[in-house]
**Student:** 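The structure under discussion is supplied below as structure tokens; questions concerning it will follow.
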Amino acid sequence: MKDIDLTLLEQPYDAKRYETLLYKKWEESGYFNPDNLPGRHATPFAMVLPPPNVTGTLHCGHATMLAIQDAIVRFKRMQGFKTLWLPGTDHAAIATQSKVEKDISKKEGKSRYDIGREELLKRIAAFAQESHDTIINQCKSMGSSLDWSREAFTLDEPRTRAVYTAFKTMYDAGLIYRGHRVVNWDPKGQTTISDDEIIHEEREATLYTFKYGKDFPIPISTTRPETKFGDVAVAVHPEDSRYSAFVGKTIETDFCGSLLSIKIIADRNVEKDFGTGALGVTPAHSKIDEEMAYTHNLPFVQVIDEKGKMTSGGEDIVGKKTAEARELIAQRLRDAGLMIEEKKITQNVSTAERTGGIIEPLPKLQWFVAVNKEFPFPHKDKAIAKEGEMVTLKILMHRAVESGTTTILPDRFAKVYEHWINNLRDWCISRQIWYGHRIPIWYKESAIHCGPSAPEGDGWAQDEDTLDTWFSSGLWTFSTLGWPDETTDFKMYHPNDLLETGRDILFFWVARMILMSTYLIGEVPFKHVYLHGMALGKDGKKMSKSSGTALDPLEVTEKYGTDALRMALIVGNAPGNDFKLFDEKTKAYKHFANKIWNASRFVLSNTQGVIINENTLNAAHQALLLEWRNVLREITEDIEKYNLYLAGEKLYGFFWHRFADVWIEDSKTWFQSDEKESAQIFMRILLEEQLRVLHPFMPFVTEAIWRIMHGDSKESMLMIQPWPMN
RNA sequence: GGGCGAUUAGCUCAGUUGGUAGAGCAAUUCGUUUACACCGAAAAGGUCAGAGGUUCAAGUCCUCUAUCGCCCACCA
């Protein structure tokens, strides 16, 4: 055996010197692409990268998912799986557009309407491209062994084709429909948003109790008197004896100069003990009231427009913002002696996740996915349903998890998921923004056509709206594999084996993928879901840019090395639990990388030319080898159960405090005795096996050492060496 | 309002089916013996949030309480 050039192991370990070089070597080897892996890699293992939004740069949350996923993928690859980890980015419709709009408004003082659709889209595309390039480089610098040859983008041509195919399939099946509903209108972003994009914020508000007019018998309470111009009814509880005499009557009354026709109705949803126990029903501006309107057949009267301005209420009210109108009306009620009480309360205000705008419920014509509509299961018999069986999208989503076809780690999130589905309402998928997939619907007079392009003939106009970004990302596990074509990739890698992602997008994304996949393909999108927690600062609070607590992963790796950051993100990070990331922790793993480097240097310098043959070990060394193999078994099992946080910690402890502190110290004696040869073999086996096992966690330092030991041919790279235990 | 998680050494966290409390970092003392000072050795540090219960035995199982955090929700 050729001597190893130990001068290459310069002390101390300098991460920066190796990381770029090694990533390049890995990439050039082609082994990130499963098609190029050696023949022993037969059984597929597939996973997608949750596509980062092209809204800027990666943060610690991204670094976390990259560290965990790359560790799993490298482990599976070494185990001999035909391992695919498929990268891509998400156009993130609202998030990206509102970011660019904000920039433009700040720098040029212009709105999107000043700039126009075409020009805005051009600017967004440029911004998205820039973000994309940054993000890809950051993924690479984290050491991610992603198959770049299959990179996808939610808005690129193949994905757009998948989106339009999915839309048309669901439209033709009656599962996508257009309807007039009270939706969540974001006056700031000038678009609708789905229920999930709403954040409830506690705010202080005034609860006004008053009568519409002098002759009106029932006082009502509301925090929004300005919407009362749209009232068509007053609802009371059916068992409320105070008001039972009025139920069924219609009373005309003058409310601040506007004539209202108010029907008194009884509805179980009214709380007797809240306020006066009577609720002014405003079907056009409240979702609960909308439902009551359907139940009791009430008309819709809209009094607020898309800009959040009044359209009703008389000359000095019309055109005013709702907040201003509220004050004016309250004053009039006081002046007229109609105000009974004004009370400060805290209430939950709905705000838009992306823009922070206060949601104004408005009746609008929008596109929806029907989650409760029955249809015959359109696929051959599958695990989740039989062909022709009557199901709903909700039922399919339920069955995916209930049946265990998809499992969620940690399993308590399965309950959260079930609960969410139970409360799920039709999904509003149309957005009044410009960046995204334009709805593939064409209108000509009363005719409607669904398809990617206009039908023959003049006069067809495409729907102005675009699709919710989650509609396209819901297709991600198969749109990235060539669907709707029956490609070899699709056949080999779908369903995915694992989906690893943040627990915050369980509903947004994981649930939507299950919906899309179970309906369009008839099977679950992935067998297992692994949800990781959020990266917190040392203070235990969520990192945020505005408070200056956000760590930039690139700054951290610059300081401590990528391997160190990866370990810091994995160890102590149990599935589903939030975890804290801070400098001292990362620093400790930088020291560990150096420890590995130096221990290797010692072992190699004392084992030059040794031929590894396990059978020539003496009894004592065999016993010690067994001790390691037991730990190795535990570590392997931990990783297989996706308990990387345990595996990482055990590796660290064993390498440092057993192998380095004890066995390396002992070896200094062994090397002086007649046990020398056995000891040399023993130490070399231990080093090599530990480097292999450490590789998924700390790929750079281990590959750097391996390369010095085994040369730089692509076949000898540590990345594709077999895992030392089956 | 409903649900979930956390509470173990100064800090960050382990503790699998109940069997005498563990690790790393920090701090203390000692040590520069040819892998490493990004080091080693030693010692120190805990009524396992509180109360009650089950058990021969509880950090672990059950009930309640407290504090912190998160998610869901149509009290206007």
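Source: prediction; values computed, not measured. Lettering follows sequence order; numbering is per chain, from 1.
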**Student:** Please pick, from B:G5, B:A35, B:C38, the nucleotide with the shortest atom-to-atom distance to any side-chain atom of A:Ala660.
**Tutor:** B:A35
**Student:** Applying a 4.0 Å non-hydrogen cut-off, can you work out what A:Phe413 is touching in the nucleic acid: base, sugar-phosphate, or nothing?
**Tutor:** nothing
**Student:** Within the 4.0 Å heavy-atom criterion, would you say A:Arg224 contacts the bases, only the backbone, or no part of the nucleic acid?
**Tutor:** nothing
**Student:** Pick base, sugar-phosphate or nothing for A:Asn348, based on heavy-atom distances below 4.0 Å to the nucleic acid.
**Tutor:** base
**Student:** So what does A:Phe592 touch, heavy atoms closer than 4.0 Å: a base, only the sugar-phosphate, or nothing?
**Tutor:** nothing
**Student:** Any base atoms under 4.0 Å from A:Lys668, or only sugar-phosphate, or nothing? Heavy atoms, all strands.
**Tutor:** base
**Student:** Pick base, sugar-phosphate or nothing for A:Lys590, based on heavy-atom distances below 4.0 Å to the nucleic acid.
**Tutor:** base
**Student:** Using atom P of each nucleotide, how far apart are B:U32 and B:G40 to the nearest Å?
**Tutor:** 16 Å
**Student:** Considering every strand and a 4.0 Å limit on heavy-atom distances, what is the contact class for A:Tyr13: base, sugar-phosphate, or nothing?
**Tutor:** nothing
**Student:** Does A:Lys595 contact B:C38 through a side-chain donor or acceptor facing the base, at a distance under 3.5 Å?
**Tutor:** no
**Student:** Name the nucleic acid region contacted by A:Ala593, choosing base, sugar-phosphate or nothing; use a 4.0 angstrom heavy-atom cut-off, strictly under.
**Tutor:** nothing
**Student:** When all nucleic acid strands are considered with a 4.0 Å heavy-atom cut-off, which category describes A:Ile664: base, sugar-phosphate, or nothing?
**Tutor:** base
**Student:** Which part of the nucleic acid, if any, lies within reach of A:Glu665 when heavy atoms closer than 4.0 Å are counted: base, sugar-phosphate only, or nothing?
**Tutor:** base
**Student:** Pick base, sugar-phosphate or nothing for A:Glu271, based on heavy-atom distances below 4.0 Å to the nucleic acid.
**Tutor:** base
